[in-house]
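Working notes, structure below.
Every number for a ligand or one of its atoms is a count from 1 in the order of the listing.
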Amino acid sequence: MEIPYKILGTGSFLPELVVDNEMLAKIMDTSDEWITSRTGISKRHYCVTETTSDMAIHAASNAIEMAEMDPDNIDFIIATTLSADYTTPNMASIVQAQVGAKNAFCFDLNAACTGFVQALDIAMRYLNTDERKTGLIVSSESLTKLVDFEDRRTCVLFGDGAGAAIVSNRQADGSDLPEANIYESFIGADGTGGEFMTGKAFERANHPFIPEDMVFEPDRFGHETGKYLSMKGPEVYRFATTAMPLAVEKAVERANLPLEAIDFIVPHQANDRILQASAKRLGIPTEKMISYIAETGNTSSASIPICLDKEVRSGHIRRGHTLVFTGFGGGLTYGACVCIF
Ligand code: UT7
């Protein structure tokens, strides 16, 4: 697709409390050495008073400030999360009210860690219709709500945070963008791998008309960790190191670009070893695969926009760079988008 668009602004928010590996090693049977060597994670941020919606509002406000735009000009908000504060109102509507984007329609999307990539893809398709001019994507996750601190195999990996981006087919002042830009994507899923990462929403139906002697089928996925997240790490690892490079290759091919034309890949931050292995599989220098995981751990759908915002604000990613956003996660879901910053 040759859509005239621009990423007008980015934003992020990380809660104040920083928990490093040593702090975790004091409360469970783990070590800085194990976590660093297996994942590349040094620390992560944990919410205390902050909520998922609070973080989303902060990240969205930062992006609006960078875009120097009037929130009235935001036409839609897509929020991504698997750790929302409410099932209703959706997080996008909470953000809309707080940032004053009164003309925006709002919905939430849950594609686990692939959420930002899928939201960006939907946003681009709205922009392509020329009816919806400006979209805010905001991804926020409080994964500390979901992880079991008795389970060292998962809890050391995750953290809390939010990121946002504003995409538009207009300038912030409403005038037309001068030129077309390249945008392509490749999005996929493999529902047969659903059991590799599960988190429970609500319990089954519980109403007065259920017979007392009713025997229920076992859980579809054999989810045995109650309200907590359950993950088969090595299986997810294998999926990630195949699906992510595949999605990148397909998206870049659709954009009709050689891989060398990509300045940076901004991937879902789950494990530095996954990033290194994916770079190797793609045959690209590891410097092009941006890793921010040491600072944040895995923040699910928020990880890509947090990483993007940090790199933009540090000046590492600049205007004109060709980027690939790529993610994978529960579902199993995966995908990649090629776009120009
Ligand atoms: O957003 C997507 C989310 N998920 C992912 O991306 C996860 C992908 N998977 C991974 O990143 C890796 O599989 C992990 C980092 C989760 C685990 O690394 P691994 O090399 O696959 O380790 P493992 O699960 O095979 O466990 C190896 C050993 C086990 O001990 P034994 O059974 O060999 O004695 C674990 O009990 O490491 C042990 N272990 C730990 N030791 C110290 C597991 N967690 C810890 C821990 N500290 N936190």
Side-chain angles (χ1 to χ4, degrees), residues 19-44 80-83 110-118 139-161 163 188-190 193-199 221 223 225 228-247 266-279 281 289 291-294 296-307 325-336:
V19 174
D20 65 22
N21 295 344
E22 297 292 356
M23 289 163 78
L24 290 177
K26 284 193 182 123
I27 59 162
M28 68 186 73
D29 182 17
T30 190
S31 64
D32 177 47
E33 198 283 325
W34 192 95
I35 303 172
T36 310
S37 63
R38 299 278 176 144
T39 69
I41 300 167
S42 306
K43 54 192 171 201
R44 66 292 285 150
T80 79
T81 186
L82 52 73
S83 49
N110 175 0
C113 309
T114 319
F116 179 80
V117 169
Q118 296 214 358
S139 305
S140 184
E141 305 280 7
S142 310
L143 298 170
T144 46
K145 284 182 191 175
L146 306 184
V147 297
D148 180 1
F149 280 85
E150 305 270 296
D151 177 9
R152 67 175 184 170
R153 290 169 306 139
T154 52
C155 73
V156 302
L157 306 175
F158 296 100
D160 301 336
D190 176 7
E195 65 179 298
F196 296 155
M197 227 178 128
T198 55
F221 295 115
H223 180 92
T225 51
Y228 296 121
L229 205 65
S230 166
M231 185 178 76
K232 295 196 166 87
E235 285 84 348
V236 178
Y237 187 97
R238 272 194 292 281
F239 168 72
T241 49
T242 313
M244 222 161 56
L246 174 91
V266 186
H268 168 46
Q269 307 284 309
N271 183 330
D272 203 48
R273 281 162 56 217
I274 293 176
L275 305 187
Q276 304 300 325
S278 300
R281 192 166 272 208
M289 182 72 82
S291 178
Y292 195 71
I293 191 155
T296 57
N298 181 343
T299 55
S300 189
S301 73
S303 84
I304 295 174
I306 291 173
C307 187
F325 301 117
T326 182
F328 66 91
L332 299 165
T333 56
Y334 63 104

With respect to Thr39, determine whether any N or O atom, backbone or side chain, lies less than 3.5 Å from an N or O atom of ligand 1. no
Considering non-hydrogen atoms of the protein only, which is the closest contact for atom 5 (C) of ligand 1, and what is the distance? Val236 CG1, 3.6 Å
Closest non-hydrogen atom pair between Ser278 and Ala240, with its separation: OG-O, 4.3 Å
Residue-level breakdown please: for Tyr237 versus ligand 1, do any non-hydrogen atoms fall below 4.0 Å on the side chain, on the backbone, on both, or on neither? both
Hey, does Thr30 come in under 3.5 Å of ligand 1, counting only N/O atoms on both sides? yes
Rounding to 0.5 Å, atoms CZ (Arg44) and CG (Asp20) come to a distance of 7.5 Å
Just so I know, are the side chains of Phe328 and Val236 near enough to count as touching, which here means a heavy-atom distance under 4.5 Å? yes
To the nearest 0.1 Å, how far is atom 4 (N) of ligand 1 from its closest protein heavy atom, and which atom is that? Met231 SD, 3.2 Å
Are side-chain N/O atoms of Gln269 and Thr299 paired as donor and acceptor at under 3.5 Å? no
Going by the order shown, which atoms of ligand 1 are within less than 4.0 Å of some heavy atom of Phe328? 2 (C), 6 (O)
Which residue from Arg238, His268, Met197, Arg152 reaches closest to atom 1 (O) of ligand 1 through any of its heavy atoms? His268
Could you grab the distance from atom CG of Leu143 to atom SG of Cys113, nearest 0.5 Å is fine? 7.5 Å
Under 4.0 Å and counting heavy atoms only, is there anything from the protein next to atom 43 (C) of ligand 1? yes
For atom 9 (N) of ligand 1, closest protein heavy-atom neighbour: Gly233 O, 3.0 Å
Among Asn298, Leu24, Asp151, find the residue that satisfies the side-chain contact (heavy atoms from CB on, under 4.5 Å) test when tested with Val156. Leu24
Under 4.0 Å to a heavy atom of Val156 - the qualifying atoms of ligand 1, by number: 48 (N)
Is there a side-chain contact between Tyr334 and Leu246, using heavy atoms and a 4.5 Å cut-off? yes
If you scan the protein for heavy atoms around atom 14 (C) of ligand 1, do you find one that is closer than 4.0 Å? no
Could you say whether the N/O atoms of Gly329 and ligand 1 ever approach to under 3.5 Å? no
Is any side-chain heavy atom of Tyr237 closer than 4.5 Å to one of Arg273? yes
Looking only at protein heavy atoms, which one is nearest to atom 20 (O) of ligand 1, and what is the separation? Arg38 NH1, 2.7 Å
Provide, to 0.1 Å, the distance between atom 16 (C) of ligand 1 and the closest protein heavy atom, together with that atom's residue and name. Leu157 CD1, 3.8 Å
Spell out, as yes or no, whether a donor-acceptor pair under 3.5 Å connects the side chain of Ser301 to the backbone of Thr114. no
Expected output: side-chain Ser139 to main-chain Phe116 donor-acceptor under 3.5 Å: no
Kindly state each residue pair satisfying salt bridge (Lys or Arg N to Asp or Glu O under 4.0 Å) with at least one member in residues 28-42, sequence neighbours excluded. Asp29-Arg152
Atom 10 (C) of ligand 1 [closest protein heavy-atom partner, distance rounded to 0.1 Å]: Asn271 ND2, 3.7 Å
Tell me which protein heavy atom sits closest to atom 40 (C) of ligand 1, plus the residue, atom name and distance to 0.1 Å. Trp34 CE2, 3.3 Å
In ligand 1, the atoms that come under 4.0 Å of a heavy atom of Arg273 are 20 (O)
contact_flag Met28 ligand 1 heavy-atom lt 4.0 Å: no
Atom 33 (O) of ligand 1: protein heavy atom closer than 4.0 Å? no
Quick look: Cys113 vs ligand 1, heavy-atom contacts under 4.0 Å, and the answer is side chain
Tell me which part of Ile274 gets within contact of ligand 1: side chain, backbone, both or neither, using heavy atoms under 4.0 Å. side chain
At what distance is the nearest protein heavy atom to atom 21 (O) of ligand 1, and which residue and atom is it? Pro234 CG, 3.8 Å
Under 4.0 Å between heavy atoms, the region of Ile35 that gets near ligand 1 turns out to be neither
Min heavy-atom dist Ala240 to ligand 1 below 4.0 Å: no
Thr241 side chain to Arg238 main-chain N or O, any donor-acceptor pair under 3.5 Å? yes
Atom of Lys145, atom of Ser83 and distance for their closest heavy-atom approach: NZ-O, 2.9 Å
Report yes or no: does Asp160 contribute a side-chain atom to a donor-acceptor pair with the main-chain N or O of Thr144 at less than 3.5 Å? yes
